[in-house]
Amino acid sequence: MTAATTFNEREAEVCYVARLIEDGRTYWVAGGGGPMYAVLLAQRIGYAPNAQYITEDGAIAPEPMLPFDPIQTMVSSRAGYRALQWGTMNVAQDYAALGLIDYGILNTLQVDTHGNINSTFLGEYPDSGRRFGGPGGADSIAAMAWRTILMTDQQRRKFVSRVDFISSPGFLDGTEGAREAAGLPAGTGPWRVVTPAAMYDYTQDRRLRLIAVSVWTTVDDVLKECEHHPVIADQVATLDPPSDEELTIYRTELDVRGQTSDRGSWITWNGEKYEQMEDGA
Amino acid sequence: MTAATTFNEREAEVCYVARLIEDGRTYWVAGGGGPMYAVLLAQRIGYAPNAQYITEDGAIAPEPMLPFDPIQTMVSSRAGYRALQWGTMNVAQDYAALGLIDYGILNTLQVDTHGNINSTFLGEYPDSGRRFGGPGGADSIAAMAWRTILMTDQQRRKFVSRVDFISSPGFLDGTEGAREAAGLPAGTGPWRVVTPAAMYDYTQDRRLRLIAVSVWTTVDDVLKECEHHPVIADQVATLDPPSDEELTIYRTELDVRGQTSDRGSWITWNGEKYEQMEDGA
Amino acid sequence: MTTAANRRTSVNERGVEYLTPDPDAFRAYAREHKQRRLISKLMTERDAIAAFVEDGDYLVYDCNYLQRGPASLIREIIRQRKKDLWVGAKFTYVALALLVQAGCASRADVGYFGSRGPVFSRAAKEGRLQFYEYSNAGMTLRLRAGAQGASFIQNRSLGGTDGFRHSGACVIDDPFTGSPTVVLPALYPDVAIIHVQEADVYGNARVFGTGIAHAETALAAKKVILSTERLVETEEIRANPGLTSIPWLAVDAVVLAPFGAYPGSCQGFYASDAEHTAEVFAAMTKDQLGEYLERWVYSVEDNSQMLERRVGETKLLELRNREVIREGYPS
Amino acid sequence: MTTAANRRTSVNERGVEYLTPDPDAFRAYAREHKQRRLISKLMTERDAIAAFVEDGDYLVYDCNYLQRGPASLIREIIRQRKKDLWVGAKFTYVALALLVQAGCASRADVGYFGSRGPVFSRAAKEGRLQFYEYSNAGMTLRLRAGAQGASFIQNRSLGGTDGFRHSGACVIDDPFTGSPTVVLPALYPDVAIIHVQEADVYGNARVFGTGIAHAETALAAKKVILSTERLVETEEIRANPGLTSIPWLAVDAVVLAPFGAYPGSCQGFYASDAEHTAEVFAAMTKDQLGEYLERWVYSVEDNSQMLERRVGETKLLELRNREVIREGYPS
């Protein structure tokens, strides 16, 4: 693997998640974009050739024909191509309810210290603030997959003490057994949060913990982009930047239109270190 | 229609039920045999060309290829032939649960004055008596179709005050609202009981009532074959014997192997009246 | 032909209103109104919407405006200026925005909807729009319960969220395990609109590819309008009953609608129109949905005129040609 | 490969024992034991039954010995003299009799079983057989609940019957309507055996024609053995994913079993053997099931030897030729 010298921070985020993909495991990916690309990248580069994914519309272990038209990451012939089964949303959720889905991968708006996820409302529900689209499939994924990987941005307004509205469950109030008491399946919950800048896991007592940062940033810079102060691991690792191999597959086979890098800032190697460019530069 | 001069009493029973079939209505037929043949006869002779039936295994409005091999009245290619949909047992019961099935037609072992059906046990459950196979699909049909038509034999041990075991619900204890209180859908219940010798409906207060007898028998003879004394209608009609037209279709297109007339007695016209021969003669 | 589907609602102890899940009321309706006979239900989109969508109905569409959804029927609802619809807003990117902009929808049970632009906050502020909170799969579970003739169904999700607090769901003690468990109220929509690839004139329909909840939706809804890419003979249905997704028993109207999912894709038939997709998203963002509706809905008489005048044969042919995958779809 | 599926039971206030419907226990089992990888599960009937059917298991077979059922697997269970099985005895004519005669089954949740002959009363009298009462569709609903990861499911039937009193069902107040409603405990069988027309080596399987509850059964059961008429390439599965009835995720073993449903029929492949049907019914009636089992099970090594020695090529060809209907089945 050769470290790449120019890449978008969102490309890096997908690569980080791809490296988390465990071979021979099942994934429920929310929507298209990052979550789906992360699994496809892991399959194609060989990190996890036998990982399988399902989508909300019941594409079971597809081998999609890329690229997709805008929005057409579900209920389309290319997205469901060469699946082992075509189901529906209820079929997908049944498989998760039965404990057959190891991991869920989500994108979201806002996450809190207990891993609760907000995709419904910023501000005071229902009247004072901004309305968003709701949980979609994320509530089911976060409730029923054994482990949840969350992809989001490293921004103060996104890393908060308590989300304004719990759309999809993390550890709820963080007390032991809170999920089970609410009727959610035992033994499930948030597992990792990945941003372009950092990676988090959860402590034994179900609190968000910073465990790694990107090579072009620092723990302090990351903490500036958290409204609350997460637990910090004894050893905070540095995340390897994307490799040329990863980016080649990603750019030529997966996101060939560069939609991922439409937003987010670019990172370059200046000969001495990685530097982050202005957003959208 | 020409009255037939020789026929089996069980053939007559199927004809009686065929004449009850309402055009443009849906039927859930239990097993194969009488219930299914009654609908097919009504379709083919033109009493109810647009009646449709479903079976327990989810054959939805089939046009079966007859005859069937023994037992192969469900889950077989001939039984499901030219259906409008192939479902499963849960699909069939969903349609009934949704109120889409107008009538159920059942065969059974024992019926009581409130239309309760026993196909589980004769004697004292569970140890003292004879074990039978259980309700099969009859419980679901009797509970969820709007109206239930029951086919059985006119025998004392089959027409009882209280069945030994309620396998499938009639009006339960006969009180108003008893079915609803037990969780069964509102407005459903027993509608007709048909035997080779007679036909019954139910009174306003949900008691079995004799409304017609076969041409070769009498009310008194029928009552001898009831353990309890059913209500008797003010006018007890006489059931027309099978017609040649009915029997021709029945024998040449439907029960071509004569399985119906394997048992039961034969009836013949002796020039003056219909006479019942010895059983199995 | 019009039928009062009689939307009845309940309010729970948290003050949340939800459609009353009454299986016996559905049964009584189905007994009276669902056609058992094999009679043709073929009609125009105009007649179908006029006959079966009433002001105040609870409306569910399967899939959405951009993905094998009943886009032409959604436009016709808007064209006929239906009012006060309560929308099952799951898995949807732009349809709810169109219905709210047009003044058709006043309530939404949310699974997910595309929330760009000011249309929603404006309508909410003006008291023209009320949200209730579920999830995509929560909504399809509610429809599943309806399709099974039930009044409730367990859900291993939703518990503990704020969505739960603003939903009709409740927590009960599992009668067998004693554990707390979330149950959702069954959903029996007044009317459902569903786009399918093939149907006969009676409404025996086939759906190919992945989907959301077409069969459940068709069974659970009191009134069901199908639009279909292609009519097939009933003989063809009988020749392969395993392909039937929706039985005639559930269906009230069949609308022949080639490109009925436009601008969305329809698996096996055509790709989506990416330009149009961009246009409608931009209209949401820039508060230009009024102009969008004028151009694509109000100024044309029906779907076929829209396709002819606003899309054109060249584009339609291109969309057909862009659907290159044949495997698993009708030939 | 063997796994303790740990049959756990509950007893209700009427004293009726039933399999505890514990979704979280199923989930924990599935997490550990259900194979996510695409690895071949092809094995002999002997190995499959030896590995996955344990004494004391709750066994469900889909369909039955005479109708596209896993007849060869039922015979292998008998051949291996499994003990103390609790059988989901729905929609079945002779299989329960065979299992009881052979000393394999000690309990049965009844939907319907063929009850001719003395085998059942003898076993019951000797305390070797206990019945619990449900119905055919009640049993498939229990499996549906299991397949959905639920612990209970509403049933608009069973209420008010004596079957109800001898079942694990209970009546609760509907949390939304307040009306009394019957709920059944979900069924998570320890092991399921299912005969399908086509499967790949991973267990992606296709069922054609009507059926009982193959998909629900496969999903709800902890251990799943498929027998299949024909192996198909996974490429073929991927070429038409709409035909997949059962996903590999649910399946533990795939047994290639041409004529695996013999003496029953298998839609699209062969008709039933009417002579054999008569023979087995007569054996029930005349208390000659011991002889039947000796001839058809114990005296042969496996299904293929049985077909060769006891049925013969001429008969098999005749049964294939008698299946004249091709429409809707694999070509």
Side-chain angles (χ1 to χ4, degrees), chain C residues 8 10 12 18-25 27 141-142 144-145 148-157 168-179 181-186 197 206-211 235-245 267-268 325-330, chain D residues 8 10 12 18-25 27 141-142 144-145 148-157 168-179 181-186 197 206-211 235-245 267-268 325-330:
Chain C
R8 285 202 308 124
S10 306
N12 67 18
Y18 58 98
L19 211 59
T20 305
D22 186 342
D24 279 354
R27 287 176 56 87
L141 272 183
R142 294 181 66 194
R144 170 186 267 177
Q148 298 176 353
S151 54
F152 59 89
I153 191 165
Q154 262 178 299
N155 183 10
R156 299 309 304 278
S157 180
C170 63
V171 172
I172 64 170
D173 287 337
D174 184 318
F176 297 106
T177 69
S179 308
T181 189
V182 174
V183 290
L184 293 165
Q197 282 106 335
R206 296 167 164 179
V207 171
F208 297 85
T210 62
E235 283 300 301
E236 204 179 315
I237 299 284
R238 289 197 188 276
N240 200 343
L243 293 182
T244 306
S245 314
Q267 305 108 306
I325 297 174
R326 312 304 317 166
E327 293 175 14
Y329 300 105
Chain D
R8 282 201 310 125
S10 305
N12 66 19
Y18 58 98
L19 212 59
T20 304
D22 187 341
D24 279 354
R27 287 177 55 88
L141 273 183
R142 295 180 66 193
R144 171 187 266 176
Q148 299 176 353
S151 55
F152 59 89
I153 190 165
Q154 261 179 300
N155 182 12
R156 297 309 303 279
S157 180
C170 64
V171 172
I172 63 169
D173 287 339
D174 184 317
F176 297 107
T177 69
S179 308
T181 190
V182 174
V183 291
L184 293 165
Q197 281 107 334
R206 296 165 165 180
V207 171
F208 296 85
T210 62
E235 284 299 301
E236 205 178 315
I237 299 284
R238 290 198 188 275
N240 199 343
L243 293 182
T244 307
S245 314
Q267 305 109 306
I325 297 174
R326 311 304 316 165
E327 293 174 13
Y329 300 105

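Sequence lines set the chain letters: A, B, ... in the order given, protein chains first and strands last, and positions in each chain run from 1.
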**Request:** Would you indicate whether the side-chain heavy atoms of D:S10 and C:F176 approach each other to under 4.5 Å?
**Result:** no
**Request:** Flag the one option from C:A150, C:C170, C:G242, C:P185 with the top tally of heavy-atom pairs under 4.5 Å to chain D.
**Result:** C:P185
**Prompt:** Can you tell me how far the OG1 atom of D:T177 sits from the CG atom of C:D24, to the nearest 0.5 Å?
**Reply:** 8.5 Å
**Asked** Under a 4.5 Å heavy-atom cut-off, does chain C meet the side chain of D:T181, its backbone, both or neither?
**Response** side chain
**Complete:** Pair count under 4.5 Å, heavy atoms only, with chain D: among C:V183, C:I172, C:D22, highest is C:V183
**Fill in**
Nearest heavy-atom approach of C:E327 to D:R238 is OE1-O, 4.3 Å
**Message:** At a heavy-atom distance under 4.5 Å, which candidate from C:N240, C:L141, C:L243, C:D174 has the highest pair count against chain D?
**Reply:** C:D174
**Item:** Part of D:I153 lying under 4.5 Å from any heavy atom of chain C
**Value:** side chain
**Message:** Quick check on D:R326 against chain C: is it the side chain, the backbone, both or neither that has a heavy atom closer than 4.5 Å?
**Reply:** neither
**Asked** When rounded to the nearest 0.5 angstrom, what distance separates CZ in D:R27 from CZ in C:R156?
**Response** 6.5 Å
**Prompt:** With a 4.5 angstrom heavy-atom cut-off, which part of D:Y329 approaches chain C: side chain, backbone, both or neither?
**Reply:** neither
**Heavy-atom proximity to chain D below 4.5 Å, by part of C:F152** = both
**Request:** Among C:G328, C:S151, C:P175, single out the residue with the greatest number of heavy-atom pairs under 4.5 Å to chain D.
**Result:** C:S151
**Message:** Heavy-atom cut-off 4.5 Å, strictly under: side chain, backbone, both or neither for D:Q154 against chain C?
**Reply:** side chain
